[in-house]
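Worksheet: the structure to be examined is printed underneath.
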Amino acid sequence: MRRLLMRSPIAVALFWIGAYLLVTLLPLLILLIYPPPGGRGFWVEFSVALGFIGLAMMALQFVITARINRIEASYGIDILLQFHRFTSLVAFFMVLVHPVMLFVVQPETRQLLNFIEAPWRARMAILGTLAFIILVVTTIWRKALRIPYEPWRTSHTILSVLAVGLGVGHAIGVGNYLGLFWKGILWGAMALIALWLIIYVRLIKPWMMTKKPYLVEAVIPQQGDVWTLALRPWGHEGFCFQPGQFAWLTLDITPFSMREHPFSMSSSGEHPERIEFGIKALGDFTSTIKEVPPGTKAYLDGPYGVFTTDRYQDAAGFVLIAGGIGITPMMSMLVTAAERKDDRPFLLIYASKTWDDITYREELEDLKDKLDLTLIHVLREPPEKWAGEKGYVDKELLMRYIPKHRGSRQYFICAAPKMMNQVERALHNLDVPVTNVHMEHFNLA
């Protein structure tokens, strides 16, 4: 029975949710079991409880963002990072409310804001809160402040460590609530675990990546200003991946630099000896892909993601809805299915601006001879005498193509956020079960 539960994705996901709640509320439960001497009133104790919960949530952010495979496989990195952003704001609110409530209920505590004369535990609280404020501000308004990604990521790590470390030091220094030795040990252990995860992600994992390098074999131009970057493992067998997954790519620099970018694999999951990525020239890094010479050294951290047909072996078929470069994971799903001689029906609805912008156009046509594939192109600016679909992927278009029995298929959507939201609403209005709809978000920075 235990083995069956651990194989169930829902059971595993619920297990990690329960573990998160347990760790978050553990400090509060300990306070309830072993309350501090001398009652100081409800609002004081409530403010302290908020501070402890907020601090525990801050410490858990290191676990959420550590790319731990067992956790990531239950939700997907994109969902974990959205959860990370949301819980960080909740923790930020709790940490700020904690001192404000104390200042209102006990006005004499305001003198602790005098940094020069305040005790060291109060100074740690002030510095930790300032680090947290800077962290949140530079994250929410990073693009508005024009902070480059790599410097921001480094500062984000430093500020996170400072905020949690100073917060734990403040909690231990107050003493009223962590006066018992074992309570201090508990919080110290949480801080050490967070520090260990930082060391693992920033030092140990990059060092392990240096032991398994890749070499660029070819850079192949595709339609739609897209380039296929083909890599071969150098001195090792590479890694196996499920079609639709992605990896973090570090190119022509050491993996310790933290200059990595997430890209979906576009090649077959049956061939780890040659891994391909479809990369559209959109920014500073992606615009240079076409200039990368063969033989350039690269490193991969992956595979990641739950956006894959392999999780639904019992599905009767699949509906793939892509826009622009969102075709990349779909391409991996289709070429893998073709190699496996999958006889289930595939429907691909692919939205592009023009006929010339359709990436993998010829390759997709060839796949129709190898798969039960129905291919529908939707063009926003079609050529003259275009007899196909035009405009946008909306409810009316989907109604014409998706099966009458909506729940018999699994639906995968990968496109620009606006298109994904529109398609998701349309599928909902067409009574497609929400559990059958899967989306890939690439807002990972």
Side-chain angles (χ1 to χ4, degrees), residues 9-10 73 75-76 78-79 240-246 264-271 278 303-352 358-361 363-378 389 393-395 397-415 419-442:
I10 296 177
Y75 308 97
D78 52 345
I79 292 179
C240 296
F241 64 91
Q242 297 175 334
Q245 289 188 307
F246 70 94
S264 293
M265 275 76 78
S266 60
S267 54
S268 171
E270 298 293 295
H271 293 286
Y304 293 107
V306 296
F307 189 78
T308 171
T309 50
D310 277 9
R311 291 171 64 92
Y312 307 97
Q313 298 292 341
D314 297 332
F318 301 95
V319 176
L320 312 179
I321 305 172
I325 193 57
I327 190 61
T328 303
M330 312 301 192
M331 192 65 186
S332 179
M333 296 177 189
L334 292 172
V335 296
T336 303
E339 287 209 32
R340 294 174 179 173
K341 302 186 184 302
D342 196 323
D343 60 357
R344 291 175 292 180
F346 287 79
L347 167 63
L348 172 62
I349 300 176
Y350 186 11
S352 305
I358 301 176
T359 306
Y360 306 125
R361 192 174 68 196
E363 292 89 336
L364 289 171
E365 287 295 330
D366 292 341
L367 284 171
K368 292 168 66 175
D369 297 328
K370 304 174 183 178
L371 283 172
D372 182 1
L373 171 63
T374 301
L375 178 58
I376 307 298
H377 287 295
V378 185
E389 296 288 352
V393 181
D394 54 19
K395 178 181 176 181
L397 186 147
L398 291 169
M399 190 184 303
R400 289 196 290 271
Y401 294 105
I402 66 175
K404 181 182 296 185
H405 300 288
R406 317 295 198 209
S408 65
R409 301 290 190 269
Q410 295 292 331
Y411 300 74
F412 291 82
I413 314 169
C414 188
M419 177 179 168
M420 291 178 64
N421 293 335
Q422 292 174 343
V423 172
E424 183 185 20
R425 285 195 298 268
L427 291 175
H428 175 74
N429 293 332
L430 291 171
D431 298 323
V432 174
V434 65
T435 53
N436 290 35
V437 178
H438 319 284
M439 299 189 295
E440 182 75 288
H441 297 273
F442 270 109

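The chain is numbered in sequence order, starting from 1. All of these numbers come straight from a predicted model, not from anything done at the bench.
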Carboxylate-amine/guanidinium proximity below 4.0 Å for D342 and R344: yes
For [X] versus [Y], what's the shortest heavy-atom pair and its separation?
X    : Y    : value
Y350 : G323 : CE1-C, 4.3 Å
F307 : C414 : CZ-CB, 4.1 Å
G278 : T328 : O-OG1, 3.6 Å

Stepwise side chain to side chain contact (heavy atoms under 4.5 Å, CB included) check, R311 with H438: CA-CA 11 Å; R311 291 171 64 92; H438 319 284; over 6 Å; no
For the side chain of [X] and the backbone of [Y], is there at least one donor-acceptor N/O pair under 3.5 Å apart?
X    : Y    : result
S408 : A316 : no
R409 : R406 : no
T308 : P243 : yes
S332 : S267 : yes
N436 : Y411 : no
Y360 : E365 : no

Could you measure the distance from the [atom1] atom of [X] to the [atom2] atom of [Y]? Nearest 0.5 Å is fine.
X    : Y    : atom1 : atom2 : result
I413 : I349 : CD1   : CD1   : 10.0 Å
D431 : I402 : CG    : CD1   : 9.0 Å
L334 : L371 : CG    : CG    : 6.5 Å
L347 : F318 : CG    : CZ    : 12.5 Å
E339 : K370 : CD    : NZ    : 8.0 Å

Criterion side chain to side chain contact (heavy atoms under 4.5 Å, CB included) on L364 and K368, from CA distance to verdict: CA-CA 7 Å; L364 289 171; K368 292 168 66 175; over 6 Å; no
side-chain contact (heavy atoms from CB on, under 4.5 Å) partner of I321, the single match among M330, M439, M419, E424: M419
Derivation and outcome, side chain to side chain contact (heavy atoms under 4.5 Å, CB included), residues V393 and L398: CA-CA 7 Å; V393 181; L398 291 169; 3.8 Å; yes
Audit row: I327, L348, side chain to side chain contact (heavy atoms under 4.5 Å, CB included) steps and yes/no: CA-CA 9 Å; I327 190 61; L348 172 62; 3.9 Å; yes
Plane angle bin for Y312 and F412 - parallel if under 30°, tilted between 30 and 60°, otherwise perpendicular: perpendicular
